[in-house]
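Data block below; observations after.
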Amino acid sequence: MWQPSKLELERLDKAQRLRDKGVEMYPARVCRSHRIAEAVEAFTVMEADSPDARDPIQVTLTGRIRRLNTKGKASFAHIEDESGRVQLFLRLNSLGEAAYELVRRKLIDVDDFVQARGVMMRTRAGEISVAVEGLRLISKALSPLPVVKEQRRDDGHVVEYGEFKDVETRYRRRYADLAVNRSVREVFVKRARTIKALRDFLDSEGMLEVETPILQPLYGGAAARPFVTHHNQLHQDLYLRISFELYLKRLLVGGYDAVYEMGRDFRNEGVSYKHNTEFTMLEFYKSYIDYAGVMDITERMFAYAALEVTGSTNIVYQGQAIDLKPPWKRLSIREAVQSFLGFDYMDYPDAESLYAHLRARGLAEGLKQSDTWGRMIVEHLLGDHIEKELIQPTIIRDYPRDMSPFAKRLQGGASPDTAKERRYVETHTERFEFFIAGMEMGNAFTELNDPRDQQDRFVEMKRLYADEADETTPLDQDYLIAMRYGMPPNGGFGCGVDRLVMLLTDQVSIRDVLLYPHLRLPAPTDRDLRGQFMLEAAVRECEYRLDYALEGTKHRLALYLPARGIGVEFRLANALDGARRQLQHLRKLVGGQLYVMTDEGFYRVEDEFVEMDLADFWRTAGM
RNA sequence: GGCCCUGUAGCUCAAUUUGGCAGAGCAAGCGACUCUUAAUCGUUAGGUUGAAGGUUCGAGUCCUUCCAGGGUCACCA
C-alpha cells in the first residue's frame, strides 16, 4: 500500500547506488562508546580540568543525522540520540576519499543513522564536535522525515525553523512526530515519570499493586457503556472493563489491607479533548480509612507527582498558575452551589421543585425532565456551572445518594436538629470528587461495605434509571456474596492518569498525552487508491496495483513503465476515455511510456491511445 | 449523531473575499566551496488543490454528496 514519492524514489536510487558500492546499509552490529550527552559532558569536564594538557577523548557515537551541511572537502553534520545532539566535523583528509564521497554526494542523507568514530574537539566557531575519523552508515532512511531546523542561541535557547504540526499526520505517524518534535518526546518522558511517581507513592504508602481482569463477564463500578466482545470457545460474551472497583474491593475481603491498580479502562463513548475510548485509570482501596483519609492521600499523591515530574508543586497549566501543595480547598457540593450559584438546593428537596426553581433562575438549559434530583445537582449544577471555575485544586464532597451507588451514607456528627438537615444527611453520601484547572480529576468514597445497603442501592439505581437501560449498573451478585463475608471499612479512590499527565505537561488535549490516540481509519489517499506497492530490492523493480472497488467496473487496465520497472494493474468504473487524464498524470508522475491493457484491447498512450496487438504489447512492455 | 471550521508540493503556508496561467520558503537533484551551524551562491525539478459529481466558455475558488481531522453540543464522572 505504499507508493514512493519523488523524494523517496531519490532515496531508493541512493540505496541502490550504495548497494552497488558494496556498502552494508543495515549492519547487525554497531559500536557505541558513549551516549552523545556523555561524550559532550566528558569533553566539557576535560576542558575545565586541564585547559592546557588536552588528552584526546576518543569516542564512537551513534545517532540519527538531523542536519547535514556538505561542503567541498569539509562537511558538518549533527547527529542526535535520545540524550542529545552533537556536531560531526567531517573532512576529506580524515575520512579518506571513499568515505567522504558518500557524504559529499549525499548518499548518506539527513535522517540516516550513522556510527561516527573520532576525537572530541571544539571548532573555531566554538561548537563542541567530533573530528570524525570513521563514519559508517548503520541504517538508511528511505523516507525523509519532515524538516525542522534548529538554531541554538548563545543562551542555550533552541529556536526551531519549519515545523511538523499537522495533528492528523502527527497522530497517525507518531514515530515521525517523535523523531522530529523534541517537545513531544519530552511529554512522553514526563508521562512515564508521572506513572512511576504514582506507583512509588502508593508502594510507599504500603499498598499492594494487583492486576484484575480486563475481560469481564459482568461490568460495573461506573456509569458507562462497555465494549462487548465474545469468547468463541466458551460461547460467552465478555465486557471490557469500565472500572476496577468491584474486583479490587473483593480483595479487601480477601485480607489485603490496601490494594491499587493502574491500567486501562474502556468506555464506549464519544471522544473529546479529555476523553479517549481507552484511558489509563488509577484506583486504590485502603482499609480503615474514610473519605477524609482518602482526601489526605490524594493531596499528598498529586503534590508528590508534581514535584517528581516538574520539580515543583507550583505548576502552570495553559497560562494559569496552579498550586498543588496541600491542603486543598474542600467544600461540600451543597456549599459549592450556595457559594457559586447563591441558593441552597435543600430548599428544593425533590426533582420537581428543584427543576422548577432552576427554570425560574434561568439555569434549566440542558436539563431533561427525566433527570433525577441528584443528577441535576451533580451533572448540571456542578458539571455545567461550577466545574470550570475550579482552577485551583478543590475537593467537592458529600454527593447526593442517587448518583453514588457505592458510597456510604453521610455519617453526620451531631444528630441534625431540623427536618431539612435530617433529610440532607439521609440523601447524601461520603463521596468526593476533586477538580484542577477546571477539569474533574478523580472520584472517591467512603466505600459502602454493608451488603444489605449495597443491594438496596443496586435496586434503587435500577428503579431510578429504568428508562435508560444503558446506564444502570448491572447487579453483581457475586460482589454482594463477597461483601457478605465481611469487608473492612475502607476508603476508595479513582482518577484518570491521562488527565494528570495533561496537567503536568501543560497539554490541552488528551490526544497529546497518548502515544496512539484513537483515530478512524484514514481516508483512502490518492496513494492508497493506487494500491499495493511491492519493492523488489534486487532488481529495483516496482509493481503496484490499483483496485478501485467501485461498482459497475468494466475495464481492467494494466499499465507498464518499463523505463522505471513499474507495472500497474487497475480497474476503472468509467469508460476508457475517462481514464485518460489519470493515466497521463501518472505518466507525468513517473515518466516514460504508458502501455495500457483493457478488456477491449491493448494500447500505447500517446496523446491518444494507440492500438496494439497482444504480442507487441508484451514485447514493448518488456515483460 | 447535530452544528461550525479545516484539507493546496515531503513540511509550513499563499492564491478562495470578487471564478480567469497554482505560487513562495524550507527540504530535494545538479554544480561551487577544507571551521559551517537556519551555512552561502548558482541552477533544475517538484501539484489528480482530500474523493466523486454538478454549474460555467473557464472551478483550488461556487453548489451537492462522501472521507478524514479539529472544535462544539449530545452521549459520558
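The sequence lines fix the lettering, A, B, ..., with proteins before strands; numbering per chain opens at 1.
Computed from coordinates, the K73(A) NZ to rU36(B) P distance equals 17 Å when rounded to whole Å. We find that NE2 of H380(A) is positioned 10 Å from P of rA74(B), with the value rounded to whole Å. The nearest whole Å value for the distance from the CG atom in L7(A) to the C1' atom in rG10(B) is 5 Å. Rounded to whole angstrom, the span from the CZ atom of R520(A) across to the P atom of rC66(B) amounts to 13 Å. The interatomic distance linking E160(A) (CD) with rA38(B) (C1') rounds to 11 Å, in whole Å. Rounded to an integer number of Å, the gap from E127(A) CD to rU36(B) C1' is 9 Å. The distance between atom CG of D177(A) and atom P of rG69(B), rounded to the nearest whole Å, is 16 Å. Summarising the geometry, the separation between CG on D166(A) and P on rU8(B) is reported as 8 Å, rounded to the nearest angstrom.
Ring centroids of F266(A) and H518(A) are separated by 6.0 Å or more, keeping the two rings apart.
Nucleotide rG20(B) forms a pair with rC57(B), judged by Watson-Crick or G-U wobble geometry with both contacts under 3.5 Å. Nucleotide rG1(B) has rC73(B) as its partner under the Watson-Crick or G-U criteria, with both atom distances under 3.5 Å. Across every strand in view, rC41(B) sits in a pair with rG31(B) that passes the Watson-Crick or G-U test at under 3.5 angstrom. Both distances falling under 3.5 Å, in either a Watson-Crick or a G-U wobble arrangement, place rG7(B) opposite rC67(B).
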Going 5' to 3' along nucleotides 39-45 of chain B, which nucleotides have protein heavy atoms under 4.0 Å from the base (write B), which only from the sugar-phosphate (write S), and which from neither (write -)?
B-----B
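Spacing of C1' atoms, rU48(B) relative to rU43(B), comes out at 29 Å, to the nearest Å. Taking atom C1' in both rA27(B) and rG70(B), the straight-line distance is 27 Å, to the nearest Å. The same atom, P, is picked in rU12(B) and in rC5(B); the two are 22 Å apart, to the nearest Å. Between rG29(B) and rU18(B), the two P atoms lie 44 Å apart (nearest whole Å). As rounded to the nearest Å, rC30(B) and rC35(B) have P atoms that lie 22 Å from one another. Across rU49(B) and rC13(B), the matching C1' atoms stand 13 Å from one another, rounded to whole Å. Across the C1' atoms, rU37(B) and rU44(B) are found 26 Å apart, a figure rounded to whole Å. Across the P atoms, rG46(B) and rG10(B) are found 12 Å apart, a figure rounded to whole Å.
Here rG71(B) is the nucleotide among rU36(B), rG69(B), rG71(B) with the atom lying nearest to any side-chain atom of R511(A). In the set rC11(B), rA38(B), rA68(B), the nucleotide with an atom closest to the side chain of Y161(A) is rA38(B). Ranking rG70(B), rU37(B), rU36(B) by closeness to the Y171(A) side chain, first place goes to rG70(B).
The side chain of R172(A) places an N or O atom within less than 4.0 Å of a non-bridging phosphate oxygen (OP1 or OP2) of rG69(B). Note on K165(A): a side-chain N or O is less than 4.0 Å away from OP1 or OP2 of rC13(B).
Mapped onto RNA chain B by nearest heavy atom, E379(A) and L92(A) fall at different nucleotides, with L92(A) at the one closer to the 5' end. With RNA chain B read from its 5' end, the first of the two nearest nucleotides for T169(A) and Q87(A) is the one closest to T169(A).
Residue G270(A) is classed as a base contact, given a heavy-atom separation below 4.0 Å to a base. Residue contacts for K274(A): at a heavy-atom cut-off of 4.0 Å it reaches no nucleic acid atom on any strand shown. Contact annotation for R431(A): base contact, defined as any heavy-atom pair under 4.0 Å involving a base atom. The residue Y273(A) sits close only to the backbone: its heavy atoms come under 4.0 Å of sugar-phosphate atoms, none of a base. Nucleic acid contact class of R105(A) (heavy atoms, under 4.0 Å, all strands): sugar-phosphate only. At a threshold of 4.0 angstrom between heavy atoms, the contacts of L519(A) are confined to the sugar-phosphate backbone, with no base atom among them.
With respect to K21(A) and E101(A), no salt bridge is recorded, no charged nitrogen being found less than 4.0 Å from a carboxylate O. The residues E163(A) and K165(A) are annotated as salt-bridged, a charged nitrogen and a carboxylate oxygen being separated by less than 4.0 angstrom. Salt bridge E127(A)/R152(A): absent, no basic N to carboxylate O contact under 4.0 Å.
With hydrogens and angles disregarded, a donor-acceptor distance shorter than 3.5 Å links the side chain of D81(A) to the backbone of G84(A). Distance alone, capped at 3.5 Å, is enough to place a donor-acceptor pair between the N276(A) side chain and the E278(A) backbone.
A donor atom on one side chain and an acceptor atom on the other are not found under 3.5 Å apart for D476(A) and Y219(A).
For the pair R11(A) and D112(A), the minimum side-chain heavy-atom distance is below 4.5 Å. Put simply, the side chain of R401(A) reaches to within 4.5 Å of the side chain of R457(A), judged on heavy atoms.
Each of T429(A), T446(A), D398(A) was evaluated against Y291(A); a single residue qualifies, D398(A), per the side chain to side chain donor-acceptor pair (under 3.5 Å) test.
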